[in-house]
Amino acid sequence: MRAVFVQLQVSPGRTYEVADELFEREVASELYSTSGDYDLLMKIYIDEGVDIGKFINDNVANVPGIVRSLTTLTFKAF
């Protein structure tokens, strides 16, 4: 499995609503509220061979209230 981090910008006032929806979908291994340009940071484990862009599109990006996402792929844990 590959760890992928996704930062999410959320419409003002909808962070908790978006976090609840992501939690209900059981997509994230970990989900944090953050400061700065993005409101949420999630860690997802995706099986090898799965199209990461399609997975994010089908399971994360379509949550109402998400304005923008930034996906970071990982290569090796130290």
Side-chain angles (χ1 to χ4, degrees):
M1 295 191 99
R2 164 182 257 175
V4 176
F5 291 89
V6 182
Q7 295 180 76
L8 301 170
Q9 276 185 350
V10 178
S11 298
R14 298 191 68 186
T15 301
Y16 285 90
E17 179 183 330
V18 170
D20 288 343
E21 177 66 24
L22 291 168
F23 179 77
E24 287 181 23
R25 292 182 182 205
E26 298 181 352
V27 176
S29 168
E30 299 171 42
L31 181 61
Y32 300 95
S33 60
T34 59
S35 62
D37 292 334
Y38 291 86
D39 303 296
L40 295 170
L41 171 66
M42 59 190 304
K43 183 178 184 181
I44 302 174
Y45 286 99
I46 299 178
D47 291 326
E48 295 293 331
V50 171
D51 183 320
I52 295 169
K54 181 161 177 36
F55 183 90
I56 299 296
N57 190 60
D58 292 348
N59 297 286
V60 177
N62 60 2
V63 172
I66 293 177
V67 176
R68 183 177 181 193
S69 66
L70 174 66
T71 303
T72 302
L73 306 181
T74 63
F75 302 107
K76 178 181 172 75
F78 294 98

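Interatomic distance, CG of L31 versus CG of L41, reported as 8.0 Å (0.5 Å rounding). A distance of 4.5 Å separates CZ of R25 from CG of N62, quoted to the nearest 0.5 Å. Distance check: L40 CG to R14 CZ gives 12.5 Å after rounding to the nearest 0.5 Å. Residue E30 holds its CD atom at 5.0 Å from NZ of K43, rounded to the nearest 0.5 Å. With values rounded to the nearest 0.5 angstrom, Q7 atom CD is found 6.0 Å from T72 atom OG1.
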Evaluate the side-chain contact (heavy atoms from CB on, under 4.5 Å) criterion for residues I56 and I44: first the C-alpha distance (whole Å), next the side-chain angles of each, then the deciding distance (0.1 Å), finally the verdict.
CA-CA 9 Å; I56 299 296; I44 302 174; 3.9 Å; yes

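Y38 and V27 fall into different hydrophobic clusters, where Ile, Leu, Val, Met, Phe, Trp and Tyr side chains are chained together by heavy-atom contacts under 4.5 Å. Both V60 and V50 belong to a common hydrophobic cluster when Ile, Leu, Val, Met, Phe, Trp and Tyr are linked at side-chain heavy-atom distances under 4.5 angstrom. Under a hydrophobic clustering in which Ile, Leu, Val, Met, Phe, Trp and Tyr are joined whenever their side-chain heavy atoms come within less than 4.5 Å, directly or via other members, V6 and L73 fall into the same cluster. When hydrophobic clusters are built by joining Ile, Leu, Val, Met, Phe, Trp and Tyr residues whose side-chain heavy atoms come closer than 4.5 Å, directly or via intermediates, V63 is grouped together with I52.
Contact record, D39 with V10: OD2-N, 2.7 Å, taken as the closest heavy-atom pair. Nearest heavy atoms, R2 versus E48: CB-OE2, 3.8 Å. Nearest heavy atoms, L22 versus N59: CD2-O, 4.3 Å. Contact detail for M42 and A28: the closest heavy-atom pair is CE-CB, 3.5 Å.
Around the CG atom of D37, the shell of radius 6.0 Å holds no more than 12 heavy atoms that belong to other residues, nucleotides or ligands.
Panel note: side chain T74, backbone A3; a donor-acceptor pair is recorded below 3.5 Å.
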